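Predicted model only: the values in this text are computed from it and were never measured. What you see below is based on every heavy atom in this structure, not just the backbone, and it leaves out hydrogens, waters and symmetry mates.
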Amino acid sequence: MISLSINNGVAEVVLDAPHKLNSLDEQALADLSQAYDDAAAAAARGEVRALLLRGEGRAFCAGRDIQNVTPESDDAAAYLGGLVEPLLKKMSAFPAPTFAAAHGACLGVGLGLLLATDVVYVAENAKFGSPFAKLGATLDSGGHWYFTERLGMHRTLDLIYTAELMSGTEAVAQGLFSRAMPAGELLEKTRGIVSKGARGATGAFTASKELVAHIRDQRLGLWEAMAEENTEQARLCKTDDYAEGFRAFQEKREPQFRG
């Protein structure tokens, strides 16, 4: 089950199937995709300026729901290429800053959901890695690229071959995610950060989001990236939020951005 609520500029998307550690079957993926569509439509109306993704129960998401999968007839390519990949692309392109609060198991497709989110805060005791050696399968949902990019070849293959899992604390220390927090504080602190983000200059945040993705995907050098920054800054300086930010700084008050 997937739920979406919108309050004070924040869309909160919840994976709500704790009895199965929020694992995702085809219907859950479709529902999650619809939730992002609905949140994006609200963002276009100015009702959403940040998004939070989280999971109920003991885990964020344990991956694909394989309870009813028959391995002899399973079409993994259709599940991953036809459902998961389009969803992750949609999540990555969400037109406002996105955040995730991740605890417990964050594996397979669950890991992919985090990789498609702008900022990820994790519980210190969360679990990340590639348990697929026990299934005769391999890491998916972008995990190979992300782990190799952040951890290097040797550590990536170590995790894949051994099926050992990293804690949230270790994952942050190795540069996989942004911050690790005690599990009991994770959601409250993340909600506070997201709420603050929803009051920020959404247009400027989205520009940075797109710049970072372009620098990553195109492997831009310093001067190429700087030229793109200059172009974005020239565009932003014509917006109301830019003018408000400058006036607030000059008047020594908090800005009132409209997003």
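Counting only distance, with no hydrogens or angles, the side chain of Ser167 and the backbone of Ala126 share no donor-acceptor pair below 3.5 Å. Remark: the backbone N or O of Ala198 is not paired with any side-chain donor or acceptor of Thr202 at under 3.5 angstrom. Remark: the backbone N or O of Gly259 is paired with a side-chain donor or acceptor of Asp241 at under 3.5 angstrom.
Put simply, the side chain of Val13 reaches to within 4.5 Å of the side chain of Leu32, judged on heavy atoms. Using a 4.5 Å heavy-atom cutoff, the side chains of Leu24 and Tyr79 are in contact. When side chains are defined from C-beta on, Pro97 does not count as touching Leu51, because their heavy atoms never get closer than 4.5 Å. Residues Arg64 and Glu26 meet the side-chain proximity criterion, which asks for heavy atoms closer than 4.5 Å. For the pair Gln34 and Asp38, the minimum side-chain heavy-atom distance is below 4.5 Å. Residues Phe60 and Leu21 form no side-chain contact, since every pair of their non-hydrogen atoms from C-beta on lies 4.5 Å or further apart. Annotation: side chain of Val172 is not in contact with side chain of Arg179 (no heavy-atom distance under 4.5 Å). No side-chain heavy atom of Leu4 sits less than 4.5 Å from a side-chain heavy atom of Tyr36.
Applying the salt bridge (Lys or Arg N to Asp or Glu O under 4.0 Å) criterion to Glu224, with sequence neighbours excluded, gives no partner residue. The side-chain hydrogen bond (donor to acceptor under 3.5 Å, both in side chains) search around Glu47 returns Arg45, not counting sequence neighbours. Scored by the salt bridge (Lys or Arg N to Asp or Glu O under 4.0 Å) test, Asp37 finds Lys90 as partners (sequence neighbours excluded). Listed by chain and number, the residues in a salt bridge (Lys or Arg N to Asp or Glu O under 4.0 Å) with Glu254 amount to none (sequence neighbours excluded).
No single ILVMFWY cluster, assembled from side-chain heavy atoms under 4.5 Å apart, contains both Val212 and Phe177. Linking ILVMFWY residues whenever their side-chain heavy atoms come closer than 4.5 Å, directly or via other members, leaves Phe205 and Leu236 in distinct clusters. Clustering ILVMFWY residues whenever any of their side-chain heavy atoms sit less than 4.5 angstrom apart, transitively, puts Leu107 in a cluster other than the one holding Leu115. Hydrophobic clustering keeps Leu165 apart from Val122 (ILVMFWY residues linked when any side-chain heavy atoms are closer than 4.5 Å, directly or through intermediates). Side-chain heavy atoms closer than 4.5 Å link hydrophobic residues (I, L, V, M, F, W, Y) into clusters, and following such links, possibly through other members, connects Leu29 to Phe94.
Within the structure, the side chain to side chain donor-acceptor pair (under 3.5 Å) test picks out the following pairs touching residues 96-105 (sequence neighbours left out): Thr98-Asp118.
Ser141 and Leu80 get closest at one heavy-atom pair: OG-CD2, 4.4 Å. Of all heavy-atom pairs between Ala50 and Ala96, the closest is N-CB, 4.1 Å. Ala101 and Thr190 get closest at one heavy-atom pair: CB-OG1, 3.9 Å.
Atoms CD1 and CG, on Ile215 and Leu211 in that order, are 5.5 Å from each other to the nearest 0.5 Å. The distance from the CG atom of Leu15 to the CD atom of Glu56 is 9.5 Å, given to the nearest 0.5 Å. Atom CG in Leu139 sits 9.0 Å away from atom CG in Leu159 (nearest 0.5 Å).
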- Message: Would Tyr146 and Leu176 count as a side-chain contact (heavy atoms from CB on, under 4.5 Å) here? Give the steps.
- Response: CA-CA 8 Å; Tyr146 194 74; Leu176 288 176; 3.6 Å; yes
- Tell me, with the steps shown, if Phe128 and Leu114 meet side-chain contact (heavy atoms from CB on, under 4.5 Å). CA-CA 11 Å; Phe128 306 94; Leu114 299 181; 3.6 Å; yes
- Item | Evaluation steps, side-chain contact (heavy atoms from CB on, under 4.5 Å), between Leu53 and Met91 | CA-CA 10 Å; Leu53 175 65; Met91 293 172 62; 3.9 Å; yes
- Query: Hey, mind stepping through Arg199 and Ser195 against side chain to side chain donor-acceptor pair (under 3.5 Å) and telling me if it holds?
  - Reply: CA-CA 7 Å; Arg199 298 191 298 272; Ser195 179; 3.1 Å; yes
- Message: Show, in sequence, the C-alpha distance, side-chain angles and deciding distance for Arg258 and Glu244, and conclude whether the salt bridge (charged side-chain N to carboxylate O under 4.0 Å, His left out) test is met.
- Response: CA-CA 9 Å; Arg258 297 169 56 189; Glu244 166 62 10; over 6 Å; no
- Task: With side-chain contact (heavy atoms from CB on, under 4.5 Å) as the test, would you mind laying out the steps for Arg235 and Glu232 before giving the verdict?
- Result: CA-CA 5 Å; Arg235 182 183 64 83; Glu232 282 302 303; 2.7 Å; yes
- Message: Working note: Gln174 + Glu170, criterion side chain to side chain donor-acceptor pair (under 3.5 Å); need CA distance, chi angles, decisive distance, verdict.
- Response: CA-CA 6 Å; Gln174 296 194 19; Glu170 183 182 1; 3.0 Å; yes
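Ion pairing of Glu149 with Arg216 is absent here, as no side-chain N (NZ or NE/NH1/NH2) approaches a carboxylate O to less than 4.0 Å. Taking a cutoff of 4.0 Å between a charged side-chain nitrogen and a carboxylate oxygen, Lys189 and Glu185 qualify as a salt bridge.
Apart from Phe99 itself, the hydrophobic cluster it occupies contains Val10, Leu52, Val119, Tyr121, Met181, Leu186, Leu187, Ile193, Val194, where clustering links Ile, Leu, Val, Met, Phe, Trp and Tyr at side-chain heavy-atom distances under 4.5 Å.
Within a 6.0 Å radius of CG in Asn230, more than 12 heavy atoms belonging to other residues, nucleotides or ligands are found.
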